[in-house]
Amino acid sequence: MNNLLLEIGIEEEMLTSLETQGFFLKENFVNDQTAKDLRSLMDLKYEEDAFNQAGVGKGQNFQINEKIRSDSILWLERKPENPVLKAYSEYIDSIIPLLARYFFLVLKDKELMFAIYDEGNFYTKHRDRFESNQHRWFTVILYLTDWAEGDGGELKLYTDDVEHIIKPKAGNFLIFNSELEHEVLVAHKRRYSITGWITDIPIGLGFLD
Ligand code: OGA
Ligand code: NI
């Protein structure tokens, strides 16, 4: 797969891990150079003012609330031209039927966005399903930050009273059940990710939200 250091055969582990603990983390899903290139691309778009302040809620309920979250986002095109983004987008497409079959779900589509948390940004405890969008079933994140201990921006994921701390380290790929509560701790330096959701409706049909 183009530029992606994808280990073949993680899918089975992913499915069982999702079933037993609600999430699956794969380190080194992409290599450092790929992550660096994606960070440069995101910086470029950010400087071009292509990002928007992220909000909470959908449609008429959409609102910006910096007490809840303060990151900035940019939705990816459906068919990205950039070869790495294209490969990643196609990879997510390829796991949709696996997830649907394994969990007996109807899953139709995905939506992917760039997310940047600047220094001081965070996202308080929330669920991606129900609260922001009832059509989201799985959250998929490709972390891209050149991260070291002390840089903040960890993801705190709550499963059955256990808190898991996920480092937003470049190359880490995470998928979790969108019903799980989670929060992004304050970032102490710019934090980069491609965050997305696997949904039970085709994306773009806003009137169904
Ligand atoms: C979100 C979210 C987590 C992360 O965008 O809904 O919770 O680690 N992101 O970026
Ligand atoms: Ni979330």
Side-chain angles (χ1 to χ4, degrees), residues 1-8 10 14 23-55 64 66 69-95 109-123 128 136 138-157 165-176 182-198 203-204:
M1 195 196 247
N2 226 328
N3 281 328
L4 287 176
L5 274 190
L6 172 67
E7 236 182 74
I8 318 259
I10 62 167
M14 176 182 79
F23 73 95
F24 172 69
L25 174 70
K26 178 73 198 168
E27 294 187 346
N28 302 315
F29 187 80
V30 297
N31 64 31
D32 286 345
Q33 188 58 48
T34 300
K36 197 172 171 200
D37 293 345
L38 290 172
R39 284 198 300 274
S40 306
L41 178 65
M42 289 173 70
D43 281 336
L44 205 72
K45 300 265 181 201
Y46 195 73
E47 275 147 34
E48 284 171 1
D49 267 341
F51 278 66
N52 291 306
Q53 169 108 51
I64 288 173
E66 290 189 27
R69 70 185 296 192
S70 45
D71 56 317
S72 298
I73 64 160
L74 170 62
W75 291 103
L76 265 64
E77 316 97 274
R78 286 197 68 79
K79 293 190 187 294
E81 271 169 39
N82 175 295
V84 178
L85 295 179
K86 182 167 181 283
Y88 183 65
S89 171
E90 287 172 357
Y91 179 70
I92 300 302
D93 285 339
S94 78
I95 64 173
D109 208 349
K110 54 109 170 56
E111 49 186 352
L112 298 174
M113 65 183 199
F114 287 134
I116 285 186
Y117 288 69
D118 261 329
E119 207 180 325
N121 290 172
F122 57 85
Y123 194 162
D128 293 345
R136 294 171 169 173
F138 295 98
T139 305
V140 286
I141 307 182
L142 181 59
Y143 291 107
L144 299 168
T145 317
D146 183 16
W147 191 89
E149 218 57 63
D151 287 343
E154 293 94 339
L155 175 76
K156 230 186 207 190
L157 189 59
I165 300 280
I166 313 281
K167 298 169 182 174
K169 208 167 138 261
N172 281 1
F173 169 73
L174 176 73
I175 176 165
F176 63 91
H182 56 282
E183 68 183 294
V184 179
L185 305 181
V186 178
H188 302 307
K189 76 173 220 188
R190 189 175 280 192
R191 177 197 201 262
Y192 302 80
S193 68
I194 300 176
T195 297
W197 295 274
I198 292 173
I203 294 303

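Along the sequence shown, residues are numbered consecutively beginning with 1.
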Drop me the distance from Leu142's CG to Leu112's CG, to the nearest 0.5 angstrom. 9.5 Å

Over 60° means perpendicular and under 30° means parallel, so tell me whether Tyr91 and Phe173 are parallel, tilted or perpendicular. perpendicular

Can you give me the closest heavy-atom contact between Ser70 and Gly120, atom names plus distance? OG-O, 4.3 Å

Within 6.0 angstrom of Lys156 NZ, more than 12 heavy atoms from elsewhere: yes

Around Asp32, counting heavy atoms of other residues, nucleotides and ligands shown, do more than 12 lie under 6.0 Å from its CG? no

Determine, step by step, whether Tyr46 and Tyr192 satisfy the ring pair (Phe, Tyr, Trp, His ring centres under 6.0 Å) criterion, reporting the C-alpha distance in whole Å, the side-chain angles of both residues, the deciding distance to 0.1 Å, and the verdict. CA-CA 11 Å; Tyr46 195 73; Tyr192 302 80; 8.6 Å; no

If I take atom CD1 from residue Ile64 and atom CG from residue Asn52, how far apart are they, to the nearest 0.5 angstrom? 8.0 Å

For the residue pair Phe122 and Glu66, what are the closest heavy atoms and their distance? CZ-O, 3.4 Å

Can Ile194 and Leu85 be said to form a side-chain contact (heavy atoms from CB on, under 4.5 Å), step by step? CA-CA 9 Å; Ile194 300 176; Leu85 295 179; 3.6 Å; yes

Kindly give the heavy-atom pair with the smallest separation between Thr195 and Ala115, and that separation in Å. OG1-CB, 4.3 Å

Ala54 versus Ile73, closest heavy-atom pair with distance: CB-CG2, 3.8 Å

Of all the heavy-atom pairs spanning Ala187 and Arg191, show the shortest one and how long it is. CB-CB, 4.3 Å

If you round to the nearest 0.5 Å, how far is CD1 of Ile198 from CD1 of Ile92? 6.0 Å

For residues Asp37 and Leu41, determine if any side-chain heavy atom of one lies less than 4.5 Å from a side-chain heavy atom of the other. no

When you look at Ser89 and Arg78, which way does the side-chain contact (heavy atoms from CB on, under 4.5 Å) test go after all the steps? CA-CA 8 Å; Ser89 171; Arg78 286 197 68 79; over 6 Å; no

For the pair Asp146 and Lys36, find out whether any cationic side-chain nitrogen is under 4.0 Å from an anionic carboxylate oxygen. no

Counting distance only, does the side-chain N/O of Arg136 pair as donor-acceptor with the main-chain N or O of Trp197 below 3.5 Å? no

Check Tyr88 against Ile141 and note the closest heavy-atom contact, atom names and distance. OH-C, 4.1 Å

For Glu81, is the CD atom crowded, meaning more than 12 foreign heavy atoms sit under 6.0 Å from it? no

Rounded to the nearest 0.5 Å, what's the gap from CD on Glu48 to CG on Leu44? Could you check? 5.0 Å

Parallel, tilted or perpendicular, as decided by the 30° and 60° cut-offs, for the rings of Phe114 and Phe51: parallel

Looking only at atom types and distance, does a side-chain atom of Arg39 sit under 3.5 Å from a main-chain N or O of Leu144, one as donor and one as acceptor? yes

Using 0.5 Å steps for rounding, measure from the CG atom of Leu174 to the NE2 atom of His182. 9.5 Å

Stepwise side-chain contact (heavy atoms from CB on, under 4.5 Å) test for Glu119 and Tyr117: CA-CA 7 Å; Glu119 207 180 325; Tyr117 288 69; over 6 Å; no

Do Ile166 and Phe23 have side chains that get closer than 4.5 Å, going by heavy atoms? yes

Spacing of CD1 belonging to Ile95 relative to CD1 belonging to Ile10, to within rounding of 0.5 Å: 8.0 Å

So does Asp151 pair up with Lys169, basic N to acidic O under 4.0 Å? no

Evaluate side-chain contact (heavy atoms from CB on, under 4.5 Å) for Glu111 paired with Asp109, printing each intermediate quantity in order. CA-CA 7 Å; Glu111 49 186 352; Asp109 208 349; over 6 Å; no

Could you verify whether a donor N or O on one side chain and an acceptor N or O on the other, from Lys167 and Thr145, lie under 3.5 Å apart? no

